[in-house]
Trainee: 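Quick one: the structure is below, and I'll ask about it shortly.
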Amino acid sequence: MTPEELSKTIKKSLESLISAKKIAVKDIPEIKIERPKSKDHGDYASNIALMVAKPAGVNPREVAQLLVDELSKNQAFKKVEIAGPGFLNFTLESARLGEIVRTIIKEAINYGHTNTLQGQNINVEFISANPTGPLHLGHTRWAAVGDALARVLVASGAKVAREFYINDRGTQIDKFGISICAAANNEAIPEDGYHGAYIKDLATEIVKEKPEILKLSKDKQVIEFREEGYKKQLKQQQSVLDDFRTHFDVWYSERSLHSSGAVEKGLAVLKKHGHVFELEGATWLKTTDFGDDKDRVLIKADGEYTYFASDTAYYVDKRSRGFDVNIYLLGADHHGYVNRLRAVSACAGDDPDKNVEVLIGQLVKMLKNGQEVRLSKRAGNIITLEDLVDEVGVDAARYTLTRYPVETSLTLDIDLLTSHTNDNPVFYVQYAHARISAVLRAAVEKGIDWQKNTFNPALLITSQEAELLGALSEFPRIVAASASLREPHRVARYLEELATAYHSFYSACRVLPMDGELVTDVTNARLLLCAATRQVVRNGLDLLGVSAPEKM
RNA sequence: GCCCCCGUAGCUCAGUGGAUAGAGCGUUGCCCUCCGAAGGCAUGUGCGCGUGUUCGACUCACGCCGGGGGCACCA
């Protein structure tokens with residue numbers, strides 16, 4: 001019996017109590033099942049009696065007693081008890097608890113998938129860096145988290161597009177061109193330009209491929225260097241992300257919004273809803289109508305569209321492509337954007353509470369040699385995605401970055417990560433997977449056909465086995481919660497718990513027969529439990545984009 | 001001044017209103033003559049402060065205190 005089935009069973013009992021007029025409740029709340037922290041409280045617990053007691057006007061323990069009377073008829077329970085103020089504690093017959101193994105083996109890679117978000121069309125935009133330099137550590141966090149988020153959303157039945165918005169227009173990219181041009185001509189790079197060493201590399205590379213650029217006028221050179229540099233830098237970002245196993249469905253260029261007429265179209269939509277006005281030669285959007293602290297300029301007095309104009313157009317464009325929910329992953333330095341984005345949505349006639357979701361992530365800090373490393377692309381003193389990967393590898397980098405809720409600031413101590421890589425939780429989880437794989441390999445070598453032999457779940461009776469089975473049954477709810485709360489870190493935390501449960505089980509319960517012993521039904525039951533655990537570990541790691549090695 | 005995030009164990013951090021608040025690292029001590037010791041078992045200390053909502057608050061609301069970040073016709 002899975003938690004979902006238990007929930008349904010309780011609901012049925014409650015309904016029959018209501019129709020028998022033993023209790024008066026109008027609306028049955030969602031019946032939550034949790035796994036008690038203490039083993040004394042059984043396999044599962046529910047607080048439903050406490051929830052309905054008040055509206056029914058009865059003592060919670062009385063409600064609990066009525067439910068116990070009803071539920072005790074069910075053969076699946078070994079015990080149903082009332083505890084504390086009115087909790088229901090369920091202890092399942094071990095055969096029923098163990099059935100989850102069969103379910104997992106049968107559903108395989110689909111175990112954990114639900115349809116809780118079915119019918120939703122979600123756009124997840126993340127990273128969206130300027131193509132003017134390498135991706136830094138902040139971007140890396142979004143790469144890991146954004147991708148993992150997209151994966152849990154898909155696993156929960158949503159239709160998802162991962163999108164990267166390329167800021168290829170405006171002053172930043174112009175400065176980028178000026179900087180490369182200066183480097184190519186051995187001139188000093190302007191103070192507000194880009195100073196990273198990669199600028200010089202780009203300059204050298206471009207000059208080598210197209211030496212004739214240097215013969216052009218300075219104005220034309222700047223443009224050429226900008227365009228060539230842009231192409232190369234974008235390609236570099238794309239290839240780095242590819243290696244990082246973060247793949248985008250759409251790379252959306254800001255320039256294309258302008259060339260396709262999307263900007264004018266967006267403006268028209270906003271005008272239609274009556275929130276655009278002119279003042280002192282500029283065109284404004286009245287975002288203060290919807291909670292922004294000041295109105296925003298769409299077209300400057302000199303006729304240039306602002307970056308904000310692109311943003312509004314991009315939003316309107318996303319909506320016209322059918323996305324109901326638009327998730328933005330932004331750094332804390334962009335939090336001033338939230339009200340603006342929500343206001344844009346409202347100005348376009350949408351409901352920001354429904355159509356816009358902004359996840360603000362705190363910045364990643366990094367310590368090296370005990371000192372904080374400042375992340376600044378402009379200063380050139382940056383830790384890039386590649387640096388991190390070179391130090392700790394893709395798996396450890398992705399796992400470490402997805403392990404924490406995004407709203408907490410993160411301090412990575414590089415010295416610690418590099419010198420103690422074995423202490424990284426990702427290895428703990430991966431090790432469980434490798435360990436199980438080794439056991440299953442050994443079983444095959446011994447000629448045990450555990451997949452064909454009969455499985456008797458009633459034989460999984462030790463406390464470690466019960467614990468492991470309980471953890472396995474939680475996975476689908478963890479994935480669904482990660483998706484609906486937009487918190488993929490829950491998957492990582494869950495995997496650590498699952499790995500702990502497995503390692504405990506492994507130490508306490510011998511799986512394969514010792515020399516001279518025979519293969520028993522217990523052997524088979526445990527082997528299947530191992531196989532099921534491996535499947536769940538694998539499914540979970542996959543949601544995080546982390547590999548599940550069979551050997552380490 | 002206004003806005004956002006965070007204050008939980010010595011350190012880094014979990015904890016969608018529920019029972020005795022948890023991991024890892026660090027400390028100390030056990031467990032491999034047989035499935036992977038990158039493991040297991042044991043070992044003390046803690047929710048910044050104060051009101052309120054609730055049967056019940058680390059969790060929600062308000063106010064303090066402390067730390068971080070942000071407030072452009074920049075992108």
Side-chain angles (χ1 to χ4, degrees), chain A residues 32 34 36-38 40-41 45 47 50-51 53-54 59-60 83-87 89 130 132 167 169-175 192 254 279-284 293-294 296-302 304 306-308 310-311 331-339 360-363 365 403-413 416 420-425 427-428 430-432 434-443 445-446 464 477 481-482 484-485 487 489-490 492-493 496-497 499-500 502-517 523 526-527 530 551-552:
Chain A
K32 285 185 190 166
E34 58 181 30
K37 288 166 198 157
S38 162
D40 302 336
H41 297 144
N47 64 350
L50 294 160
M51 302 286 286
K54 195 165 195 182
N59 184 308
F87 290 103
N89 291 337
N130 291 332
T132 55
N167 293 133
R169 192 173 172 281
T171 57
Q172 290 309 317
I173 192 141
D174 288 341
K175 284 177 186 169
D192 64 347
E254 184 184 357
L279 181 70
E280 292 168 3
T283 303
W284 299 66
D293 22 326
K294 59 198 294 186
R296 307 290 168 177
V297 173
L298 290 163
I299 306 173
K300 294 189 266 185
D302 63 9
E304 274 286 305
T306 61
Y307 180 86
F308 179 65
S310 303
D311 275 358
D333 53 337
H334 283 70
H335 99 264
Y337 256 40
V338 179
N339 283 337
I360 292 296
Q362 296 301 308
L363 300 180
K365 274 193 242 167
R403 201 175 164 250
Y404 304 95
V406 290
E407 67 268 16
T408 57
S409 58
L410 192 56
T411 306
L412 298 179
D413 188 331
L416 202 89
H420 297 91
T421 49
N422 289 353
D423 296 333
N424 193 306
F427 291 107
Y428 183 76
Q430 286 184 317
Y431 179 64
R435 203 180 208 186
I436 299 169
S437 299
V439 173
L440 296 179
R441 276 195 302 272
E445 278 165 26
K446 281 177 183 275
Q464 288 84 1
R477 289 188 308 147
S482 297
S484 65
L485 297 169
E487 293 182 351
H489 76 274
R490 286 167 187 277
R493 298 293 171 162
E496 288 163 34
E497 273 176 39
T500 298
Y502 182 78
H503 288 313
S504 257
F505 154 78
Y506 183 86
S507 306
C509 305
R510 175 83 199 184
V511 178
L512 295 172
M514 307 270 255
D515 283 346
E517 286 184 355
T523 310
R526 288 181 175 170
L527 278 169
C530 287
K551 288 180 185 172
M552 292 173 72

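To find a chain, count down the sequence lines: A is the first, B the second, and so on, and within it residues start at 1. Treat the numbers as computed from the prediction; the structure is a model and nothing was measured.
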Trainee: Restricting both atoms to N or O, compile the protein contacts to nucleotides 13-17 of chain B shorter than 3.5 Å, with distance only.
Mentor:
| residue | atom | partner | partner atom | Å |
| --- | --- | --- | --- | --- |
| C13(B) | OP1 | T411(A) | N | 3.4 |
| C13(B) | O2' | R493(A) | NH2 | 2.9 |
| A14(B) | OP1 | T408(A) | OG1 | 3.0 |
| G15(B) | OP1 | H489(A) | NE2 | 2.8 |
| U16(B) | OP1 | R490(A) | NH1 | 3.3 |
| U16(B) | OP1 | R490(A) | NH2 | 3.0 |

Trainee: By side chain to side chain contact (heavy atoms under 4.5 Å, CB included), which residues pair with E280(A), not counting sequence neighbours?
Mentor: none

Trainee: Find the distance D333(A):CG to C71(B):C1' and express it as a whole number of Å.
Mentor: 12 Å

Trainee: Sequence neighbours excluded, which residues qualify as salt bridge (Lys or Arg N to Asp or Glu O under 4.0 Å) partners of E304(A)?
Mentor: R169(A)

Trainee: Of all residues at least two apart in sequence or in a different chain, which pass the salt bridge (Lys or Arg N to Asp or Glu O under 4.0 Å) check with D293(A)?
Mentor: none

Trainee: For A21(B) and K37(A) - does any side-chain N or O of the residue sit under 4.0 Å from the phosphate oxygens OP1/OP2?
Mentor: no

Trainee: Let me know the distance between CG of L298(A) and P of C73(B), rounded to the nearest Å.
Mentor: 13 Å

Trainee: Mind telling me whether C35(B) is syn or anti, cutoff 90° either side of 0?
Mentor: anti

Trainee: Categorize I173(A) for me: base, sugar-phosphate, or nothing, with a 4.0 angstrom heavy-atom threshold over every strand shown.
Mentor: nothing

Trainee: Both distances below 3.5 Å, Watson-Crick or wobble geometry, any strand: find the nucleotide opposite A42(B).
Mentor: U28(B)

Trainee: If a protein heavy atom is under 4.0 Å from the base, mark B; if only from the sugar-phosphate, S; if neither, -; do that for nucleotides 40-47 of chain B going 5' to 3'.
Mentor: SS------

Trainee: Look at the side-chain N and O atoms of K300(A) and state whether any lies under 4.0 Å from the OP1 or OP2 oxygen of C74(B).
Mentor: yes

Trainee: Kindly write out the residues that satisfy salt bridge (Lys or Arg N to Asp or Glu O under 4.0 Å) with R403(A), not counting sequence neighbours, or none if the list is empty.
Mentor: E496(A)

Trainee: Suppose we screen for side chain to side chain contact (heavy atoms under 4.5 Å, CB included). Which residues come up paired with D333(A), at least two apart in sequence or across chains?
Mentor: L363(A)

Trainee: Please name all residues satisfying side chain to side chain contact (heavy atoms under 4.5 Å, CB included) with F505(A), sequence neighbours left out, ordered by chain then number.
Mentor: Q464(A), E465(A), L468(A), Y502(A), C509(A), V511(A), R526(A), L529(A), C530(A)

Trainee: Name all residues meeting the side chain to side chain contact (heavy atoms under 4.5 Å, CB included) criterion together with T408(A); count only those two or more places apart in sequence or in a different chain, and write none if there are none.
Mentor: R141(A), Y404(A), P405(A)

